[in-house]
Amino acid sequence: MAHSTRRGELARSYNPDAVESHWYDWWDAQGYFTPRVDSDRPPFVIVMPPPNVTGELHMGHALFVTVEDILARWHRMLGDPTLWLPGADHAGIAGQWVVEKEIAAEGFSRHDLGRDLFLERVWSWMDRYRGRIREQLRILGASCDWSRFTFTMDPEPSRAVRTAFKRLYDRGLIYRGERMINWCPRCMTALSDLEVNYDEVHGHIWLLRYPLADGDGFVEVATTRPETMLGDTAVAVHPGDERYTGLIGRMARLPLMDRPIPIVADEAVDPEFGSGAVKVTPAHDPNDFEIAQRNGLPSINILNNDGTLNENAGAFAGQSIQEARRNVVMQLERHGFLVRVDEHVHSVGHCDRCGTVVEPLISLQWFADMAPLAAPAIEVARNGTVQFMPERFKGIYLHWMENVHDWCLSRQLWWGHRIPVWTCSACGEVMATAEETLERCERCGSTEVTQDPDVLDTWFSSGLWPFSTLGWPDDTEDLRYFFPGSVMETGYDIIFLWVARMIFMGIEFMGEAPFSTVYFHGTVRDEAGQRMSKTKGNVLDPTRITADYGSDALRFTLITAGAPGADLKLGMQRVEANRNFVNKIWNATRYVLRAIEGAEVATDGDGSVAAPSAGQTLPDRWILSRLSALNADVTQLLEAFQFGEAGRRLYEFLWSEYCDWYIEATKVALNSGDAAAQAAARQTLAYVLERSLRLLHPVMPYVTEELWQHLPHAGDSIMVAPWPTADSAARDERVDREFVFLMDTVRTIRNARAEAGVEPARWISAVVLPGTHLDTLRESEGVLRFLARIGADRLELRANDSSAPQQVITLVVDDAVVYLPLAGLVDLDTERARLRGEIDQVEEEIARASGLLANENFVARAPAEVVERHRERLTAAQERVALLQSRLGELGG
RNA sequence: GGGUGAGUAGCUCAGUUGGUUAGAGCGCGCGGUUCACAUCCGCGAGGUCAGGGGUUCAAGUCCCUUCUCACCCACCA
């Protein structure tokens, strides 16, 4: 498909629908998303955080797509072989959960189906949604390499998971043990610490009285969970607590269970809290578990996996925790063991996925030994091998890593990577393997081997993602070339769950961190600052917004609405404003196309619009100078990950400088009879627009491509056009200054016209004493007249010494004076008052500047250029005030 | 209990390394059918940068402190 300059008129306004899908399909078909391996050039690599295959894309996805796509497109234009690797995640518990809900609606449970049938259901669900994720990423414009799309449950990443497990197991870094873990009674699985959310709840604290077994008296203990007393195996006090020294070593009698339990001493008890004595339930409290270990206490598990009480709970067996709590309290009260109940606020853990209250309990699970894995992962953050953006997240990461606990890896689920551990029932050998199945025991050869029924935490495979997607454990070309990656871009909410795991897994298996920079984006919230959630019903669907306003407008909004690492509130009025910006660029292009229609536009050897070489007027030179500054700024901002600032800078340039001033100014040159000026204006219009579109392309891929195709250009697509380099020769401070003078003059006259109530359409006269701006005013007289609406032959440039006319408004711009003879509209008193107001303002400025300059310290210590700037400012202000005052004098003020 | 972020115009937010007179969008007021754009154009009003103290020639920006809000971490019986 050849794409030379597109012909035909552009519509009067931008319609994203007509443009977006066309270009995306074409880019994809052209193969632009797939990088070419070039051993002479280091690649730029981003591995996409794989969206969960559990539902629709939300705004968080739209945000990460925007940021990563900006980086990918920018680097591609820089000429870096750019790989942005997409994927999808099977999402462990969340994945199983959605399918369980689906079959529950049909009246089944997963157990009714059995493991194999259930997994078939999950797979068909996944296949259905996988395509949807792809579709939505495409709508957002994601320029990722679909040929490398990977799903975490695909055979290759699955083999990587088994391999990683086996290697860690063989190194002794994975072990199985009975430990206190978090148990979700609804999901019926163990959870890692990170999958538990603690929420403050208003509950109660019960003060109980346990009688001493060997004599009179009681010991009082406080608890927020009275039902756990059924599993108590001791009472603990602080060894230094004088109130209890006599009790240590004696026995208490556990109420309701009628069980003797020892009173032990342990440092972990806070004598200040409650009664200073603690009931010890080793099986259901992490603290108590440790106390029990130190004191050799037994532990009694009173819970079934579904959260009901088991036979160890005696009469309460079979009851739910809530029922048991009521009944236990009732019984305790009836028998006089309840001292009192107080209101109490404490935090309770809930399952991250289903919200059920999590039960701490002892269970046989697989764990990763974190200490050896964490040490080098701490080092790469400390020594800067991995950079954090914004940097404050480094501290958060380090704090977690330095205090990390062993990681509970096993989940009692069916959906996920099955733990590759097999047990021989003949000889009892336990073996890990990287193979999918194990036929016979490695020790005795028996075929009586069975695989562990559990699956791995979904984040285990996520930790391997930066290299499992590139072919690891095989030594592939992709792995050699694209690893380690460049930037990891993700949300700060998964810094521990994911980022930390990728870092230590990368170091463990690849010998180095899997990326050199990790950039965090914030959470997208609704207009009220609330987290978006389905239950709140405040979710803004990115595809809806895209359909209504276009992907470009949404993308631009997402990056300019916030700052790196900061949450952002998404308001529709902002999206609309940015849709208007897209439309503005669209119409600017319409103007340019009309201007160059039928005329020659010079191109470089490669076919792209050439910079103008002759005949430039002041506005031409000014916009070229501004473009050069823009180019340098945008490049620097992207390098610093300041995407929002880059976007705002482009907005400001295109709308306020290019459209509001430059395009308006070209209307004068284009309507003049000066062929050279016309040619320069056309050339400059096209050149600046074409370069700006390239600078804008990473942020707004669609509209920039569409418009670029209408302009003379080199190459097939803007997405593979080179990133422009700033033409430093075009920078001209004198030109900038003179054009600013021109703008100030226009603004000042417009302001005076508006204040005096001059009809906008009316052409007026002006007399100008040019001060030092004679050349500028001579050259740009036409521009000044056009923009300030001064009639032909009604602008008079006069020598500075001429006396002021009567019945005029006097304006001072820099060292120039403008008289507007507005017969009938000028009131002498009003004019005097206006001049006095001006003088007051300028005098304030003089006071500030001269104050600064009178300060010896300032003059001595501030940089010379700052001092110089203030000197100039003072001089200019003094001139202004002199001019204003003399005029006021003439008016008898 | 520790930690982080935020507090800037009526609203929503920018302001990366301290450097002229603090910006934008929306909203508001006044005025506009000029042949790119009413999804627009022109002009304007509006801020003690949460409070207090400090460092500095210079502070929205750095330090200390207080208040308010949000979030994170922690084995708060």
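Quick note on labels: first sequence line is chain A, next is B, and so on, each numbered from 1. Keep in mind that the numbers below use all heavy atoms, side chains included, and drop hydrogens, waters and symmetry copies.
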Reading nucleotides 34-43 of chain B 5' to 3', which nucleotides get B (base under 4.0 Å from a protein heavy atom), which S (sugar-phosphate only), which -? -SBBSBSSSS
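The distance between atom CD of A/Glu200 and atom P of B/A70, rounded to the nearest whole Å, is 12 Å. Between the CD1 atom of A/Ile559 and the P atom of B/C13 there is a distance of 17 Å, rounded to whole Å. Going from atom OH of A/Tyr492 over to atom P of B/C73 covers 11 Å, rounded to whole Å. Straight-line distance from the CD atom of A/Glu657 to the C1' atom of B/G23: 14 Å, rounded to whole Å. Spacing between atom NE2 of A/His346 and atom P of B/A74 amounts to 18 Å, rounded to whole angstrom units. Look at CZ on A/Arg869: it is 6 Å from P on B/U20, rounded to the nearest Å. The nearest whole Å value for the distance from the CG atom in A/Asp288 to the C1' atom in B/C76 is 13 Å. The CE-C1' distance, from A/Met389 to B/U17, rounds to 12 Å in whole Å.
Nucleotides B/G31 and B/C49, compared at atom P, are 34 Å apart to the nearest Å. Annotation: B/U4 and B/C40 have their C1' atoms spaced 44 Å apart (nearest Å). Rounded to whole Å, the P atom of B/A45 lies 15 Å from the corresponding atom of B/G25. Using C1' as the reference atom, B/G19 and B/C28 are 34 Å apart when rounded to the nearest Å. When the C1' atom is used for both B/G23 and B/C64, the distance is 29 Å, rounded to whole Å. Rounded to the nearest Å, the gap between the C1' atom of B/G60 and that of B/G47 is 11 Å. Across the P atoms, B/U39 and B/U33 are found 16 Å apart, a figure rounded to whole Å. Atom name P, nucleotides B/A6 and B/C13: the rounded distance is 13 Å, in whole Å.
A 3.5 Å limit on both hydrogen-bonding distances identifies no Watson-Crick or G-U partner for B/G47. Across all strands shown, B/G5 pairs with B/C69; the Watson-Crick or G-U wobble distances both stay below 3.5 Å. The nucleotide B/G10 finds its pairing partner in B/C26, both defining distances of the Watson-Crick or G-U wobble pair being shorter than 3.5 Å. Pair assignment for B/U21: none, as no Watson-Crick or G-U wobble contacts are both less than 3.5 Å. When Watson-Crick and G-U wobble pairs are counted only if both distances are under 3.5 Å, B/U16 pairs with no nucleotide at all. Nucleotide B/U56 forms no Watson-Crick or G-U wobble pair with any nucleotide shown, as no partner meets the under 3.5 Å limit on both distances.
When heavy atoms are screened at a 4.0 angstrom cut-off, A/Phe289 is found touching no nucleic acid atom at all. Across all strands, A/Ala595 comes closer than 4.0 Å to no nucleic acid atom at all (heavy-atom distances). Backbone-only engagement by A/His405 is indicated by non-hydrogen atom pairs under 4.0 Å involving sugar-phosphate atoms exclusively. At a threshold of 4.0 angstrom between heavy atoms, the contacts of A/Pro360 with the nucleic acid are absent. A/Gly565 comes within 4.0 angstrom of nothing in the nucleic acid, heavy atoms only. Among the heavy atoms of the strands lying under 4.0 Å from A/Leu637 is at least one base atom, whether or not backbone atoms are also near. When heavy atoms are screened at a 4.0 angstrom cut-off, A/Arg873 is found touching base atoms of the nucleic acid. In this structure, A/Val582 reaches neither bases nor backbone, as no heavy-atom distance under 4.0 Å exists between it and the strands shown. Residue-level contact check: A/Tyr198 touches neither bases nor backbone, having no heavy atom under 4.0 Å from any strand. Within 4.0 Å (heavy atoms only), A/Glu645 reaches sugar-phosphate atoms of the nucleic acid but no base atom. In this structure, A/Gln636 reaches the bases: a heavy-atom distance under 4.0 Å links it to at least one base atom across the strands shown. Among the heavy atoms of the strands lying under 4.0 Å from A/Ser347 is at least one base atom, whether or not backbone atoms are also near.
You'll find that the side chain of A/His870 is closest to B/U20, out of B/G5, B/U20, B/G25. Checked against B/G25, B/U16, B/G15, the side chain of A/Ala563 finds its nearest nucleotide in B/G15. Of the candidates B/U16, B/G19, B/C13, the closest approach to any side-chain atom of A/Gln642 belongs to B/U16. Closest to the side chain of A/Arg848, from the set B/U12, B/U21, B/G25, is B/U21.
Using modelled atom types, no side-chain atom of A/Thr281 and backbone atom of A/Ala283 make a donor-acceptor pair closer than 3.5 Å.
OP1 or OP2 of B/G23 has not a single side-chain nitrogen or oxygen of A/Arg648 nearer than 4.0 Å. Listed pair A/Arg574 / B/G25 fails the phosphate criterion, with no side-chain N or O lying under 4.0 Å from OP1 or OP2.
One finds the CD1 atom of A/Ile790 at 8.0 Å from the CZ atom of A/Arg753 (value rounded to the nearest 0.5 Å).
Between A/Phe388 and the choices A/Phe393, A/Phe641, A/Tyr397, A/Tyr492, the ring-ring contact (aromatic ring centres under 6.0 Å, His included) rule is met once, by A/Tyr397. Screening A/Phe643, A/Phe581, A/Tyr549 for a ring-ring contact (aromatic ring centres under 6.0 Å, His included) with A/Phe556, the sole residue that qualifies is A/Phe581.
No salt bridge links A/Arg869 with A/Glu872; every basic N to acidic carboxylate O contact stays at or beyond 4.0 Å. Remark: A/Arg789 does not engage A/Glu759 in a salt bridge, criterion side-chain N to carboxylate O under 4.0 Å. Salt-bridge check for A/Lys667 with A/Glu664: passed, with a basic side-chain N closer than 4.0 Å to an acidic carboxylate O.
Taking the six-membered ring where tryptophan is involved, the planes of A/Trp400 and A/Phe496 are essentially parallel, since the angle between them stays under 30° and well short of 60°.
Both A/Asn855 and A/Gly571 lie near RNA chain B, and the one whose nearest nucleotide falls closer to the 5' end is A/Gly571.
By the 6.0 Å contact criterion, CZ on A/Arg340 is open, its count of non-hydrogen atoms from other residues, nucleotides or ligands being 12 or less. Around CD of A/Glu856, the count of heavy atoms belonging to other residues, nucleotides or ligands within 6.0 Å does not exceed 12. More than 12 heavy atoms of other shown residues, nucleotides or ligands fall within 6.0 angstrom of atom NE2 in A/His344.
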